[in-house]
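Only one structure is covered here, and it is reproduced in the block below.
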Amino acid sequence: EAGVAQSPRYKIIEKRQSVAFWCNPISGHATLYWYQQILGQGPKLLIQFQNNGVVDDSQLPKDRFSAERLKGVDSTLKIQPAKLEDSAVYLCASSLGSRTEAFFGQGTRLTVV
Amino acid sequence: DQQVKQNSPSLSVQEGRISILNCDYTNSMFDYFLWYKKYPAEGPTFLISISSIKDKNEDGRFTVFLNKSAKHLSLHIVPSQPGDSAVYFCAASTGNQFYFGTGTSLTVIP
């Protein structure tokens with residue numbers, strides 16, 4: 001079974017630039033999550049989708065972050081404009097439902113300089 | 001507001017001995033708990049979970065204990081192996097989203 005795919009693995013951008021991350025979840029998984037993990041901290045949920053609808057985006061900085069999940073499968077997370085404090089690993093995860101374990105991708109390490 | 005806490009940033013254990021990783025939570029509405037293991041440059045991988053209706057769940061060398069009255073869970077690894085060296089995150093859920101602790105870095109010394 002293929003796992004959660006994310007790209008790119010690494011990205012370096014200057015502050016005020018924009019960046020986009022892509023995620024392809026495990027086939028058949030209805031729930032998709034985007035997490036932000038800052039160095040030394042645990043993953044923090046940014047947004048959760050159930051199929052192509054948003055379940056929770058309460059911790060998403062909506063003035064600069066946006067995410068979509070078209071057709072209930074792939075998802076993209078965008079940051080525009082980026083700030084220095086956005087430097088983190090962005091993890092995508094998927095699960096069959098919100099009460100089952102989530103499977104994580106390898107993450108995208110973003111460095112904002 | 002850290003609802004899930006792992007107060008030990010690191011732990012070192014001799015190979016063959018027991019590793020005990022601890023996790024505390026504050027939200028009494030959490031009813032599903034998980035442990036994840038993370039190697040460098042990889043995403044977290046699911047290890048073991050427990051529902052709040054149980055107080056113990058075992059899977060091979062890994063056992064998770066839940067003490068609801070103390071709002072505490074622990075992961076026991078017996079016997080510890082060098083390949084277990086990784087960062088371990090506990091997570092808790094109310095059924096909507098998962099809240100993660102800050103992780104404990106386990107080093108198993110050969």
Side-chain angles (χ1 to χ4, degrees), chain A residues 1-11 21 23-26 29-50 53-60 88-111, chain B residues 1-10 21-27 29-54 57 59 62 64 73 75 86-106:
Chain A
E1 178 183 86
V4 176
Q6 287 188 250
S7 68
R9 287 295 311 277
Y10 305 93
K11 190 75 177 178
F21 312 126
C23 173
N24 180 240
I26 293 172
H29 280 194
T31 307
L32 185 147
Y33 311 83
W34 282 103
Y35 285 88
Q36 179 193 58
Q37 186 176 13
I38 292 172
L39 189 64
Q41 299 182 19
K44 184 186 85 171
L45 181 70
L46 292 175
I47 189 166
Q48 177 182 344
F49 293 94
Q50 182 73 18
V54 176
V55 173
D56 187 340
D57 64 356
S58 58
Q59 298 189 86
L60 187 74
V89 175
Y90 290 84
L91 294 161
C92 178
S94 69
S95 66
L96 286 170
S98 60
R99 282 201 169 279
T100 59
E101 65 270 19
F103 294 84
F104 284 82
Q106 291 182 299
T108 296
R109 180 176 294 279
L110 173 68
T111 303
Chain B
D1 179 22
Q2 192 71 26
Q3 298 191 54
V4 179
K5 299 178 184 179
Q6 293 176 257
N7 293 318
S8 298
S10 62
L21 296 97
N22 294 303
C23 180
D24 297 293
Y25 61 94
T26 57
N27 189 342
M29 299 300 291
F30 288 143
D31 60 2
Y32 183 53
F33 304 88
L34 309 92
W35 283 94
Y36 282 85
K37 176 179 176 179
K38 186 181 182 305
Y39 292 117
E42 294 184 13
T45 55
F46 169 73
L47 199 54
I48 192 169
S49 64
I50 188 168
S51 163
S52 60
I53 62 172
K54 294 185 175 182
N57 189 26
D59 184 2
F62 302 92
V64 56
L73 69 155
L75 175 68
V87 177
Y88 290 78
F89 291 97
C90 66
S93 172
T94 58
N96 287 327
Q97 63 161 289
F98 297 103
Y99 295 85
F100 283 82
T102 51
T104 296
S105 178
L106 173 66

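Protein chains get the first letters and strands the later ones, always in sequence-line order, with residue 1 at the start of each.
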Chain B contact via [X] - which portion, at a heavy-atom distance below 4.5 Å:
X: A:Gln37; result: side chain
X: A:Arg9; result: side chain
X: A:Ala93; result: neither

Could you tell me the separation between the [atom1] atom of [X] and the [atom2] atom of [Y], rounded to the nearest 0.5 Å?
X: A:Glu101; Y: B:Tyr32; atom1: CD; atom2: OH; answer: 5.0 Å
X: A:Thr100; Y: B:Leu34; atom1: OG1; atom2: CG; answer: 9.0 Å
X: A:Leu46; Y: B:Gln97; atom1: CG; atom2: CD; answer: 10.5 Å
X: B:Phe98; Y: A:Tyr35; atom1: CZ; atom2: OH; answer: 6.0 Å
X: A:Gln41; Y: B:Phe89; atom1: CD; atom2: CZ; answer: 10.0 Å

Review point. Who pairs with A:Tyr33 by side chain to side chain donor-acceptor pair (under 3.5 Å), at least two apart in sequence or on another chain?
Key: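 A:Tyr33: side chain to side chain donor-acceptor pair (under 3.5 Å) contacts with A:Ser95.
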
Side chain from CB out, backbone as N, CA, C, O: work out which of these in [X] comes under 4.5 Å of a heavy atom of chain A, or both, or neither.
X: B:Ser105; value: neither
X: B:Ser49; value: neither
X: B:Ala41; value: both

**Study point:** Heavy-atom pair count under 4.5 Å with chain B, highest-scoring of A:Gly40, A:Gly107, A:Pro43, A:Cys92
**Key:**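 Of the candidates given, the most pairs with chain B belong to A:Pro43.
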
Practice item. Write down the atom of A:Leu91, the atom of B:Gly43, and the distance for their closest heavy-atom approach. Key: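 That closest heavy-atom pairing would be CD2-CA, 4.2 Å.
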
Review point. Mind checking what makes salt bridge (Lys or Arg N to Asp or Glu O under 4.0 Å) contact with B:Asp31, not counting sequence neighbours?
Key: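 For B:Asp31, the residues satisfying salt bridge (Lys or Arg N to Asp or Glu O under 4.0 Å) (neighbours in sequence not counted) are A:Arg99.
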
Review point. Relative to chain A, which of B:Gly103, B:Ser93, B:Gly101, B:Ser51 shows the most heavy atom pairs under 4.5 Å?
Key: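 If we count pairs closer than 4.5 Å to chain A, B:Gly101 comes out on top.
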
